[in-house]
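Chain letters run A, B, ... following the sequence lines, proteins first, then strands; residues in each count from 1.
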Amino acid sequence: MEKLENLLSTAIKEAFVAVFETGIDEKQIQLQKTRKEFEGDVTLVVFPFLRVTKKGPEQSGEAIGEHLKSNSDLVIGYNVVKGFLNLEINSIYWSGFLNEIAEIENFGFEAVNSKDRVMVEYSSPNTNKPLHLGHLRNNFLGNSVARILKANGHEVVKVQIINDRGIHICKSMVAWQKYGNGETPISTGLKGDKLVGNYYVKFDQVYKEQIAALVAEGKTEEEAKKQAPLIIEAQEMLLKWESGDEAINELWRTMNSWVYKGFESTYATMGVDFDKLYYESDTYLIGKDKVQEHMDTDSFYEKEDGSIWINLEADKLDNKLLLRSDGTSVYITQDIGTAIIREEEFACKNYYYVVGNEQDYHFNVLALILQKMGFNWAKGIEHLSYGMVDLPSGKMKSREGTVVDADDLMLEMKTTAKEISEELGKLEDMESVEKETLFWSIGLGALKYFILKVDPKKRMLFDPKESVDFNGNTGPFIQYTYARVKSILRKSNFKGGALDFSNAAVDVEDVNVIKKLYDFPEVINESAALKSPAIIANYTYELVKVFNHFYQNTPPIMKEENEAIRNLRLTICAKTAQVISNGMYLLGIDVPERM
RNA sequence: GGCCCCGUAGUUCAAUUGAAUAGAAUAUCAGAUUUCGGCUCUGACGGUUACAGGUUUGAAUCCUGUCGGGGUCACCA
């Protein structure tokens, strides 16, 4: 079936020729949904055409409306308010549309791999501490964006780069070596990432004490920071690691393996995964090579001390260090190398980096450097910059102990889901294993939805009290609606499929839901274009609200005797359930059959 | 200080990227149901879109300035 917008556009163009004897530019046609306080379904904004019609907005609207009404089967009525022509659409269009999508399994999704291959990088943690609330936003966004792009027809490669080397990793290692007494995840019963994280904290404590002691001896703060024995040990360890010292490398492998095991479990709980992992320890040398290979690049230069720089002043950016005077690489060098390897391996059209907005500058520089090095594909690099997550108490600060741990938070959400569900007591006959799965999907549903419904670009506030609310614009509210719809479908024994309800008298309540369903494909397009799961989240909530209204104000469907109407309404239920399910899938949220 | 982002009901978020009387949720108050899951539905209350100018038929949205908040300017990542 042809899209309503296209059919109307054609009819409107014809109307202008017939009424005003003039052609119009299709791009000028602005169709929008009619606001609910006015009669009609679709509204044409007539302001842009006044120059052509040489009449006032009301008069122009009237003339076009009248012509459409008498010449198009689609338009059965119209009214003009100021410069807005509100058109009433024949309900046959809507029931026909419903009939057409009845049997489409993934309505709204484009054919698999019908569009360019793209890469989404997300998570990319350091291996010296556990994942926290900020990582949750990152992972939920990355995973959801990957699903949305895939639904939109792209082939998607999900990757992360694990920052597994460097001075910060050595800090945990030194602290463990000195104060760890041989502790392991097994001996302590701690998750590996938590154990290693504790030593990262330990390092910082001792380091601070040493600084304080040195300052007390009369050193300046700056001197003390450089001379504290612990930091010197960490730096020496890094040098040993880089030179391949076997004992240090062994320790490094061991401690990282603890962390990976911990991360694996956190990712499993989050419900995210990756197609390929990159490790900084593998790629950091490649970046160095690539920089040296491209030394002839315009605006690369070497200082007297041997350090390598790029001058980006012509592009209103700074001078940026690429290689240290000792020849080692810095953060951006590593990213240059990784980007080049990825292009060689996957040749994607776009490379999306889900990274916080504190790195906006870094990614501007990265894309620019790669372009200067002559890589045309670097134009496809896009930083999916998201805002930071604040707590009611302010910013998360590890030093002040206000960091919200990812595992703890997810568990807390699940526990709350359990308490609320058990209080309602509708699950007595459910197996306990099944209940566990359910509580996780409700708890995580609440959390993911809470985070994803906010525009990624914006900074957001995470209030734990509000996030466990299950009413209003929340994940569990949507899940609950889904469970109710499924309950109707089960009880009415509805099989679905193509049913003839062309003779059914379609009610406004029916049409309102169908119109909302109609929007789904466009919503996916838009969210894919903007890389914004929030658009899916808000749409799904609107659909649920429209459906609940329909459900409340429609006589019991199962008791409906007119078969055509019954089939129509059950089809509405079935498609609503499916779109809710698919929408929530795009957010990484499961929907339960019962709850 | 230079550069970048952001200021919308008490609070948390929307607003099809320039259109109609700026919408939801929450909180507070008032209601609905012989009904398929009351974790439902309907109302009321709540706004000078930080402020001041400008562009436009039309501005929360674009431009300029002011104030306020955040980020970033490392031979850290």
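Contacts of A:N6 classified as side-chain hydrogen bond (donor to acceptor under 3.5 Å, both in side chains), with partners at least two apart in sequence or in another chain: A:E2. The side-chain hydrogen bond (donor to acceptor under 3.5 Å, both in side chains) search around A:K453 returns none, not counting sequence neighbours. Partners of A:E419 by salt bridge (Lys or Arg N to Asp or Glu O under 4.0 Å), not counting sequence neighbours: none found. Residues meeting the salt bridge (Lys or Arg N to Asp or Glu O under 4.0 Å) test with A:K515, sequence neighbours left out: A:D41. With sequence neighbours excluded, no residue forms a side-chain hydrogen bond (donor to acceptor under 3.5 Å, both in side chains) with A:D289. Remark: A:K418 engages no residue in a salt bridge (Lys or Arg N to Asp or Glu O under 4.0 Å) (not counting sequence neighbours).
In this structure, CD1 of A:I478 is placed 17 Å from P of B:A24, rounded to the nearest angstrom.
Without hydrogens or angle criteria, A:W252 side chain to A:D164 main chain gives a donor-acceptor distance under 3.5 Å. Of the possible donor and acceptor atoms, one in the side chain of A:R137 sits under 3.5 Å from a partner among the backbone N and O of A:G387.
Put simply, A:Y541 does not rest on the base of B:A24: the two rings are not both less than 5.5 Å apart at their centres and under 30° in tilt. In this structure, A:F84 packs face-to-face on the six-membered ring of B:A20, meeting both the 5.5 Å centre cutoff and the 30° plane limit. Lacking a ring centre under 5.5 Å from that of the base six-membered ring together with a plane angle below 30°, A:Y361 does not count as stacked on B:C4. No aromatic stack links A:F47 and the base of B:G58, using centre distance under 5.5 Å and interplanar angle under 30°.
Applying the 90° cutoff around 0 to the glycosidic angle, B:U17 is assigned syn.
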Produce the list of close N/O pairs, under 3.5 Å, pairing protein atoms with atoms of nucleotides 27-31 of chain B; give distances to one decimal.
none

Sub-3.5 Å pairs of nitrogen or oxygen atoms, protein against nucleotides 42-44 of chain B:
none

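Among the nucleotides B:A77, B:C39, B:C36, the one closest to any side-chain atom of A:K491 is B:C36. Ranking B:C36, B:G37, B:U21 by closeness to the A:M558 side chain, first place goes to B:C36. Of the listed nucleotides (B:A77, B:C36, B:A20), B:A20 has the atom at the smallest distance from the side chain of A:F38. Checking B:C36, B:U40, B:U16 against the side-chain heavy atoms of A:Q552 singles out B:U40 as nearest. Listed nucleotides B:U40, B:A77, B:A20 differ in distance to A:N471; the shortest reach to its side chain belongs to B:U40.
Looking at heavy-atom distances under 4.0 Å, A:Q30 makes contact with a base. When heavy atoms are screened at a 4.0 angstrom cut-off, A:F477 is found touching the sugar-phosphate backbone but no base atom. In this structure, A:L530 reaches the bases: a heavy-atom distance under 4.0 Å links it to at least one base atom across the strands shown.
Taking the centre of each ring, A:F547 and A:F550 come in below the 6.0 Å mark. Taking the centre of each ring, A:F462 and A:F450 come in below the 6.0 Å mark. In this structure, A:H168 has its ring center at least 6.0 angstrom away from the ring center of A:Y200. Taking the six-membered ring wherever Trp is involved, the centroid distance between the rings of A:F477 and A:F470 does not fall below 6.0 Å.
Between the side chain of A:K395 and the base of B:G70, no donor-acceptor pair of N or O atoms lies under 3.5 Å. Judged by atom type and distance alone, A:T474 does not reach the base of B:A25 through any side-chain donor-acceptor pair under 3.5 Å.
Distance check, rounded to the nearest 0.5 Å: CD1 of A:I332 to CG of A:L366 gives 5.0 Å. How far OG1 of A:T554 is from NE2 of A:H549: 9.5 Å, rounded to the nearest 0.5 Å.
Only A:D318, A:L321, A:R324, A:S325, listed by number, bring a heavy atom of residues 315-326 of chain A to less than 4.0 angstrom from any atom of RNA chain B. Within residues 451-468 of chain A, the residues having any heavy atom closer than 4.0 Å to RNA chain B are, in order of number, A:V454, A:D455, A:K458, A:R459, A:M460, A:L461, A:E466. Contact check of residues 124-134 of chain A against RNA chain B (heavy atom, cut-off under 4.0 Å) returns A:N126.
Two residues are said to be in side-chain contact when any heavy atoms from C-beta on lie closer than 4.5 Å; A:Y449 and A:L587 meet this criterion.
A close approach under 4.0 Å does occur between a side-chain nitrogen or oxygen of A:K36 and OP1 or OP2 of B:A24. Considering only side-chain N and O atoms, A:S492 lies nowhere under 4.0 angstrom from the phosphate OP1 or OP2 of B:C36.
If A:Y551 and A:D360 are placed on RNA chain B by their nearest nucleotide, the residue sitting closer to the 5' end is A:D360.
With no hydrogens or angles considered, a side-chain donor-acceptor pair links A:Q359 and A:Y331 at under 3.5 Å. Counted by atom type alone, A:S385 and A:D360 present one or more donor-acceptor pairs between their side chains at under 3.5 Å.
Scanning both residues, A:Y301 and A:I310, for their nearest heavy atoms gives CE2-C, 4.0 Å.
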Nucleotide pairing, RNA chain B (Watson-Crick or G-U, distances under 3.5 Å), in dot-bracket with [ ] and |: (((((((..((((.....[...)))).(((((.......))))).....(((((..]....))))))))))))....
